[in-house]
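Only a predicted model underlies this, so the values are computations on that prediction, with no experimental measurement involved. Hydrogens, waters and symmetry mates are skipped; everything else that's a heavy atom, side chains included, is used.
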Amino acid sequence: MRVVIVFLLSALLPLSHSHGQDPFAWLYGPRSQRFGSLQADTTGGECPEECDCPPTFPVAMYCDGRGLTAMPTIPSRVKYLYLQNNAITAVSDSALVNATNLVWLMMHHNQLTSDGIGAKAFLHLNVLERLYLQHNNLTAFPSNLPRTLRDLRINHNKIEKVTTTDMEGMDNLTILYFHDNAVTDMGSSLKALKSLTLLDISGNKLTKVPEGLPEHLHQLYLESNSIDSLPEGFLGQFTQLQYVRMAHNQLTDKGIPADTFNVTGLVELDLSFNKLERIPPVSTTLQHLYLQANQIKEFTLGSFCSFVDVTNFSKLRTLRLDGNEISRLDIPTESTLCLRLTSSIEV
């Protein structure tokens, strides 16, 4: 067997040398030689040496986690740009001029500052749909963001203010992660976001619910603010809202108008870690209710069912009341008829 292998190798090697080429050069040669028949697409410019542009996916450029401190040169063909997990501090007005085909721009977990982002840095990105700027050092909302955006993540920054002008014209935006910033009042800045379905503004310094929330919201997250009251008819305007989370606020019974949460369609409601003394009335369609760590002193069955019969009962499956001022003895025996789908009640 060894004789046969040696013979085969000796037959192959002269053939390769006859062409003046090392048959294994592709293993250690430069980028263009390594890929051989998979020629790198250089349309619109060469791929920067510090990044990767896969020949099999030439519209993507991977520069993530490379220790970059400045923006690389971006070929105009690139649609998906990954720059996350670097130490980039600035995006000049000219940094993205050539990148007009970008659809995704990932710049989360960098060191971006508001002063370092040019006023026109994003101005020419006319087809951009997804922009990730979370976990940076921004203190102001970036100007001239593309109106084509569908998914904007700008959470975990230090932004203190957002205006109507910042959001104006963003008719396509469906997802906005703005949590863990330092905004005290959003005014009616969100009113223009007609297509918004997910809004996360938890972890800010809000003392009231923003005005003019988009009517097509599906998920609304307001946890960890300082909201102590809700406006009249707070949830009545939403026809598609299913998830509301307002844990870790300052809500009291007086601050919640009657039947605020008694709206059909709501699936999950989180009011834990507030200052409620009573269970607020909720819709029979609600499936998950979190009220732990409040100051609730009695179990009011009427909050779940105004009356009970074969067809009328609560659809509630999860009910948490632990960390309040009631015990299991306070739960009336007839609650099993009203809460017939609830697997357990935590007190």
Side-chain angles (χ1 to χ4, degrees), residues 197-200 202 209 213 215-347:
T197 59
L198 187 156
L199 174 62
D200 190 345
S202 56
V209 175
L213 290 174
E215 62 181 18
H216 295 298
L217 281 178
H218 180 260
Q219 302 172 57
L220 175 60
Y221 304 138
L222 287 159
E223 304 109 308
S224 300
N225 280 287
S226 298
I227 301 170
D228 59 7
S229 62
L230 302 176
E232 192 76 38
F234 169 45
L235 300 180
Q237 60 181 312
F238 305 109
T239 58
Q240 301 174 36
L241 190 62
Q242 293 189 334
Y243 302 90
V244 176
R245 296 177 184 170
M246 297 195 67
H248 294 277
N249 275 283
Q250 303 294 320
L251 289 173
T252 64
D253 296 337
K254 292 181 179 180
I256 301 179
D259 291 326
T260 293
F261 301 112
N262 192 7
V263 290
T264 57
L266 208 57
V267 172
E268 178 181 295
L269 175 61
D270 188 350
L271 297 173
S272 59
F273 295 90
N274 276 283
K275 297 180 178 180
L276 302 178
E277 297 183 17
R278 293 174 58 86
I279 300 173
V282 295
S283 170
T284 55
T285 60
L286 189 69
Q287 295 183 26
H288 308 283
L289 177 60
Y290 302 95
L291 289 167
Q292 67 269 26
N294 275 279
Q295 301 167 12
I296 297 172
K297 296 176 172 60
E298 61 177 315
F299 190 98
T300 47
L301 193 57
S303 296
F304 307 103
C305 299
S306 55
F307 67 94
V308 179
D309 60 21
V310 175
T311 60
N312 189 75
F313 56 90
S314 173
K315 308 303 186 298
L316 204 65
R317 296 179 180 276
T318 305
L319 176 57
R320 287 196 58 178
L321 287 164
D322 42 311
N324 282 283
E325 299 177 24
I326 58 174
S327 68
R328 188 162 294 277
L329 296 175
D330 296 310
I331 303 175
T333 55
E334 59 267 28
S335 65
T336 54
L337 296 175
C338 168
L339 303 174
R340 64 185 73 174
L341 299 180
T342 308
S343 56
S344 66
I345 301 174
E346 294 189 39
V347 292

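With Ile296 as the partner, the side chain to side chain contact (heavy atoms under 4.5 Å, CB included) test is satisfied by one option alone out of Ile279, Asp330, Val347: Ile279. Paired with Ile256 under the rule side chain to side chain contact (heavy atoms under 4.5 Å, CB included), one option of Thr252, Thr260, Asp259 passes, and it is Thr260.
Considering every non-hydrogen atom in both Arg340 and Val308, the closest pair reads NH2-CG1, 3.7 Å. Between Thr285 and Gly265, the shortest heavy-atom contact is OG1-N, 3.4 Å. Closest heavy-atom contact between Leu341 and Lys315: CD1-CA, 3.9 Å. The two residues Leu291 and Pro280 make their nearest non-hydrogen contact at CD2-CD, 4.2 Å. Residues Ser202 and Asn225 share a closest heavy-atom pair of CA-ND2, 3.7 Å. When all heavy atoms of Met246 and Leu230 are compared, the closest pair comes out as CE-CD2, 3.5 Å.
Annotation: the span from Ile345 atom CD1 to Thr318 atom OG1 amounts to 11.0 Å, rounded to 0.5 Å. If you take OG on Ser344 and CZ on Arg317, they are separated by 12.5 Å, rounding to the nearest 0.5 Å. Rounded to the nearest 0.5 Å, atoms CD (Gln237) and CG (Leu217) are 8.5 Å apart. Residue Gln295 holds its CD atom at 8.5 Å from CG of Leu276, rounded to the nearest 0.5 Å. If you take CG on Leu220 and OG1 on Thr197, they are separated by 11.5 Å, rounding to the nearest 0.5 Å. One distance of note links CG of Leu286 with OG1 of Thr264; it measures 11.5 Å at 0.5 Å rounding.
Judged purely by atom type and a 3.5 angstrom limit, Asp270 uses its side chain to pair as donor or acceptor with the backbone of Ser272. Panel note: side chain Asn294, backbone Lys275; a donor-acceptor pair is recorded below 3.5 Å. At least one donor-acceptor pair closer than 3.5 Å links the side chain of Asp253 to the backbone N or O of Arg278.
For Arg245, the salt bridge (charged side-chain N to carboxylate O under 4.0 Å, His left out) partners are Glu268, not counting sequence neighbours. Residues passing the side chain to side chain donor-acceptor pair (under 3.5 Å) test with Gln240 are His216, sequence neighbours excluded. A search for side chain to side chain donor-acceptor pair (under 3.5 Å) contacts involving Gln219 returns Tyr221, not counting sequence neighbours.
Counting only residues at least two apart or on different chains, the ring-ring contact (aromatic ring centres under 6.0 Å, His included) pairs with a member in residues 300-347 are Phe299-Phe304. Among pairs with a residue in residues 235-263, those fulfilling ring-ring contact (aromatic ring centres under 6.0 Å, His included) read His218-Tyr243, His248-Phe273, at least two apart in sequence or across chains. The disulfide (SG to SG under 2.5 Å) pairs that include a residue from residues 289-347 are Cys305-Cys338, where partners are two or more places apart or lie in different chains.
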- Query: What do the steps show when you test Asn262 against Ser283 for side-chain contact (heavy atoms from CB on, under 4.5 Å), and what is the final call?
  - Reply: CA-CA 4 Å; Asn262 192 7; Ser283 170; 3.7 Å; yes
